[in-house]
**Q** 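Quick one: structure below, then a few questions.
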There are 2 protein chains.
Amino acid sequence: MAKGKGRILSIQSHVAYGYVGGKAAVFPLQCLGYDVDVVNTVNFSNHSGYGRFGGPRASADELNQIFSIMEQNELLRPDRLLTGYVPGAEATAAVTALAKKLREHNPELIYLLDPVLGDSGRLYVAPEVVPIYRDALPLATIITPNWFEVEVLTEVKMTDAASLRKALWTLHEKYRVPHVVISSIPLKSWLTDLLPAHLRPPTTSDVDYLACIASSQSDGVSSVHAKCFPCLPGYFSGVGDLFSALVLAHFDEANIEGQASGETPLSYAASQAVSKTHAILSLTHEAASALPEDERQATDEELDAREPMRKIKRMRGRELRLIQGQDIIRGTQPIDYKKLEPWAGFWTV
Amino acid sequence: MAKGKGRILSIQSHVAYGYVGGKAAVFPLQCLGYDVDVVNTVNFSNHSGYGRFGGPRASADELNQIFSIMEQNELLRPDRLLTGYVPGAEATAAVTALAKKLREHNPELIYLLDPVLGDSGRLYVAPEVVPIYRDALPLATIITPNWFEVEVLTEVKMTDAASLRKALWTLHEKYRVPHVVISSIPLKSWLTDLLPAHLRPPTTSDVDYLACIASSQSDGVSSVHAKCFPCLPGYFSGVGDLFSALVLAHFDEANIEGQASGETPLSYAASQAVSKTHAILSLTHEAASALPEDERQATDEELDAREPMRKIKRMRGRELRLIQGQDIIRGTQPIDYKKLEPWAGFWTV
């Protein structure tokens, strides 16, 4: 069991009920041996996907007050930094200013920036937040955008080999991010065709697949890895927050022991994160499927609008089974290892 | 490993750095298999013992907003309730009103009320908070006051057998609390003399001892158990919060399997809590002792006042090693079991 892996400062949302933001990230990091300093950017009742939610948001001033006292007390010396959802442009700027200070103070800081901007083509945040995130990118060690966040940040729509390369190139070269994990990108035909044969999912399958792509450009070494995995039906909240926490927890440039051949520190971390996240999702899907029918009714915008509890019950039933799956997170329960494989010739072919 | 023990609503303080309040309670409860809904009554940088601290306090209105939305969303149905530090009288009254509602809605609710009022003769809270706690006592299943909080709540100074009995009687009979655990009470000579011989610590020891006393009066059955344990030098913060969480986690009236002979649901829970808390404290003490001298200078009010960092570094060094000791909490690392023993004739001798 991990005994003291170091200290992570996690800055993201808090919800009383359920598992998104810090509630999806902190417990896994603690289980994996990290001391986690937890700054809550909001204190909500539940996540916004329920439709009805509320509670106070931290202002930029309140965040700065907490950071400032921690700094004065010499409590602001994390080995790693994890940032997720921050409400509004001013608070986002405050978090970015802190990241800048921590980076200047400690060049070895491992900063995982999860640019929580939106999903599936829809922006969650005000448009003025986007340039603040772009400014923050050069501070990051690792970023974990979903496909939509890649497109928003790079202003490149990914539709073919050239645009996928251009988007990744933009993140690495223009924004100087050494490690990028695109947490999930739908496996449309252009992407399937592009993948080397050994990375493609079985053609006989009739379920949708997603790909996770991990790309490193650091110290002159470039590598791209990928893995396809089946998409579970319906929407689960907090998955990206859990995934990012697991990438950060398992990323270790100094210690490559235990990494199988062909793995890099990033691909190893992403493989662990994909494997554990998928196992937790499977557990969650299974538990949700066993609920009474009235708590697992499919999305129907019209019916959901007429009867808010219909959606709320669905959301409640689909909260991540993080507690029940803690042995998965800890690595003491065997799961299928979804190893990201090298994507040879990604940049050149 | 525990798979889904139920749902606990925890309402207490949050600190970004270190382990007090919710940061000392929630992770242990999660490790022990509970889903924990977490309402933060304050969001501070660090605990107040550092001298310098800050961050927003939740107002009664903000707490009520969160409770109200959770209720509307049918997310307010915990099996257990844990309340700790709440800032100020209005917010305390809001939490008490919630406890009342939950108790009315679910007579089976297991409510552990930790009356965080003060320690070692000093009140932490405004005096007007005390009567609100007294009003809340009849709602509780278990309370876990320290000796000072017992005295404040009951207005009985404990100095001999009669006053100890009167204090406990007041909690059970006047305030109708079925289960009381006095988490720690210094073993002064009157208490040592009062204890049955088999419960006394070794007379050869030159360290100070504390006693934990667990008293149940429910369903017409009365039992008192106790255990003495050596006091570790210096002050550690968050110990009471960890202890209360462990009592709640291990309290199970339905399942007495695994409880040794002479144990009751309360004495079993208190034994587990004393044992694990003491083991975590020993680990913390050991780690703190190994720090550079400048981070572990003894309390000296004059020097501490002149040089705030002197105290701050001491506090930082004495934060609970909860993450490093998580196998103790989980019960997978063997520790000395400090079993509370029956105190026969407590009420009559």
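Please read these numbers as outputs of a predicted model, since none were measured by experiment. Naming: A, B, ... by sequence-line order, numbering from 1 per chain.
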**Q** Taking 4.5 Å as the heavy-atom cut-off, does anything in residues 285-301 of chain A contact chain B, and if so which residues?
**A** none
**Q** For A/E62 and B/P56, which heavy atoms make the closest approach, and how far apart are they?
**A**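 That closest heavy-atom pairing would be OE2-CB, 3.6 Å.
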**Q** For the candidates B/N40, B/V39, B/N46, which exhibits the highest count of non-hydrogen atom pairs separated by less than 4.5 Å from chain A?
**A**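 The candidate making the most pairs under 4.5 Å is B/N40.
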**Q** Please classify the contact between B/V26 and chain A as side chain, backbone, both or neither, with a heavy-atom cut-off of under 4.5 Å.
**A**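 Looking at B/V26, nothing touches chain A.
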**Q** Under 4.5 Å from any heavy atom of chain B, what part of A/R7 do you find: side chain, backbone, both or neither?
**A**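 It is the side chain, since no backbone atom gets that close.
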**Q** Side chain, backbone, both or neither: which part of A/Y50 has a non-hydrogen atom closer than 4.5 Å to chain B?
**A**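 For A/Y50, the side chain is the part near chain B, not the backbone.
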**Q** Between chain A and each of B/P308, B/S45, B/G18, B/S10, count heavy-atom pairs under 4.5 Å; write down the option with the most.
**A**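 Going by pairs under 4.5 Å, I would pick B/S45.
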**Q** Which heavy atom of A/Q324 sits nearest to which heavy atom of B/D35, and what is that distance?
**A**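 Closest pair (atom of A/Q324, atom of B/D35, distance): NE2-OD2, 2.7 Å.
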**Q** Heavy-atom cut-off 4.5 Å, strictly under: side chain, backbone, both or neither for A/R52 against chain B?
**A** both
**Q** Identify which part of B/Y19 has an atom lying under 4.5 Å from any heavy atom of chain A, answering side chain, backbone, both or neither.
**A** side chain
**Q** Does anything in residues 68-80 of chain A reach chain B? List residues with heavy atoms under 4.5 Å apart, or say none.
**A** A/I69, A/M70, A/Q72, A/N73, A/E74, A/L75, A/R77
**Q** Tell me the closest heavy-atom pair linking B/R330 and A/C31, and the distance in Å.
**A** NH2-SG, 4.5 Å
**Q** Atom CD of residue position A/E90 - does it have more than 12 heavy atoms of other residues, nucleotides or ligands inside 6.0 Å?
**A** no
**Q** Would you name the heavy atoms of A/H14 and B/V38 that are closest together and state the gap between them?
**A**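 Nearest pair, atom of A/H14 first, then B/V38: NE2-O, 2.8 Å.
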**Q** Heavy-atom pairs under 4.5 Å with chain B - which of A/L63, A/V15, A/D37 has more of them than the others?
**A**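 The answer is A/D37.
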**Q** Let's test your reading of the structure: which of A/K23, A/K313, A/M315 forms the most heavy-atom pairs below 4.5 Å with chain B?
**A** A/K23
**Q** Within the side chain of A/Q30, is there an N or O that forms a donor-acceptor pair under 3.5 Å with the backbone of B/L322?
**A**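 No, the answer is negative, given that no donor and acceptor are paired below the 3.5 Å cut-off.
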**Q** So which atom in A/I66 and which in B/A16 form the shortest heavy-atom distance, rounded to 0.1 Å?
**A** CG2-CB, 4.4 Å
